[in-house]
J.: 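For reference, the structure I am asking about is given below.
All of these numbers come straight from a predicted model, not from anything done at the bench.
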Amino acid sequence: MKSNKRFLPLCILCLILLAGVAATAQQVIRPEVKLSLTGLVQRGNETVPVEKAGQVNPGEIVSYTITAANAGTGPAREVRPFASIPPGTVFVAGSARAEGNAEILYSIDGGKTFHATPMIEVRQPDGTIKKVPAPVTMYTQVRYDWNDALAPGGRFTASYKVRVK
């Protein structure tokens, strides 16, 4: 009988320890990437947030910034945010930037495909077809493909500019 009295507290202690290990094992480690897009309109020597700018005028430049932040508990891999070139605007050549190890890609078909240099076919005077780089006026989206994992608590930022037609 004495051995049962010692055995019962030991069993309870083991169950408590096992419950703690099980609870720890149930914590899921996963990324949670949150994206934000902000825009600033350049007016003279000042910049105005898009939401406060009212009507934008032909020739004005709008600078967009994409932020990808990992609020999760694990690293996010293959972070690939994209943003549209708004109707009534044209992409400003050479304006896309990204921090870190990111590849910048563009679409001319509404986001179906992305390429570093989108190409189009142009008929030559002799009737042959030649592939040439698409003009930026055809760009519909810009995408950023980060090659590095986004650590928990980390963030990536990227930007691009458009000109109002």
J.: To the nearest 0.5 Å, what is the distance between CD1 on I85 and OG1 on T137?
T.: 11.5 Å
J.: If I compare all heavy atoms of A53 with all of V41, which pair ends up nearest, and what's the gap?
T.: CB-CG2, 3.8 Å
J.: Which pairs with one or both residues in residues 51-73 pass side chain to side chain donor-acceptor pair (under 3.5 Å), sequence neighbours excluded?
T.: R43-E60
J.: Looking at V136 and A93, what are the two nearest heavy atoms and their distance?
T.: CG1-CB, 3.9 Å
J.: In terms of hydrophobic clusters joined by side-chain contacts under 4.5 Å, are V90 and L105 together?
T.: no
J.: Just to verify, what does T113 make a side chain to side chain donor-acceptor pair (under 3.5 Å) with, not counting sequence neighbours?
T.: D109
J.: One pair to check against side-chain contact (heavy atoms from CB on, under 4.5 Å): V62 and L40. What are the steps and the verdict?
T.: CA-CA 6 Å; V62 182; L40 297 171; over 6 Å; no
J.: If you define the side chain from C-beta out and look only at heavy atoms, does anything of V142 sit under 4.5 Å from F82?
T.: no
J.: Which pair of non-hydrogen atoms, one from S107 and one from F114, has the smallest distance, and what is that distance?
T.: CB-CE2, 3.6 Å
J.: Please output the side-chain donor-acceptor pairs of residues 118-125 that fall under 3.5 Å, not counting sequence neighbours, one pair per line with the distance.
T.:
unit_1	atom_1	unit_2	atom_2	d
R123	NH1	G127	O	3.0
Q124	NE2	V122	O	3.2

J.: Distance from T140 atom OG1 to Y106 atom OH, nearest 0.5 Å?
T.: 12.5 Å
J.: Report the C-alpha distance between E46 and V48 in whole Å, list the side-chain angles of each, state the deciding distance to 0.1 Å, and finish with yes or no for side-chain contact (heavy atoms from CB on, under 4.5 Å).
T.: CA-CA 7 Å; E46 65 180 24; V48 181; 3.9 Å; yes
J.: Which heavy atom of V33 sits nearest to which heavy atom of A76, and what is that distance?
T.: CG2-CB, 3.4 Å
J.: Determine whether more than 12 heavy atoms belonging to other residues, nucleotides or ligands lie under 6.0 Å from atom CG of N45.
T.: no
J.: For N101, give me all partners under side-chain contact (heavy atoms from CB on, under 4.5 Å), at least two apart in sequence or on another chain.
T.: N147, D148
J.: CD1 of I129: more than 12 outside heavy atoms within 6.0 angstrom?
T.: yes
J.: If you look at every heavy atom in W146 and A98, which pair is closest and at what distance?
T.: CZ2-CB, 4.2 Å
J.: How many angstroms lie between CD1 in I104 and OG1 in T117, if you round to the nearest 0.5 Å?
T.: 11.5 Å
J.: Could you give the distance from CZ (R80) to CG (D145), rounded to the nearest 0.5 Å?
T.: 4.5 Å
J.: Pairs under 3.5 angstrom only: tabulate donor-acceptor contacts from the side chains of residues 152-165 to other protein residues two or more places apart or in another chain.
T.:
unit_1	atom_1	unit_2	atom_2	d
T157	OG1	E99	OE1	3.2
Y160	OH	S84	O	2.8

J.: Salt bridge (charged side-chain N to carboxylate O under 4.0 Å, His left out): which pairs involve residues 28-37, sequence neighbours left out?
T.: E32-K34
J.: Taking all atoms of both residues into account, what is the closest heavy-atom pair of A68 and L35, and its distance?
T.: CB-CD2, 3.5 Å
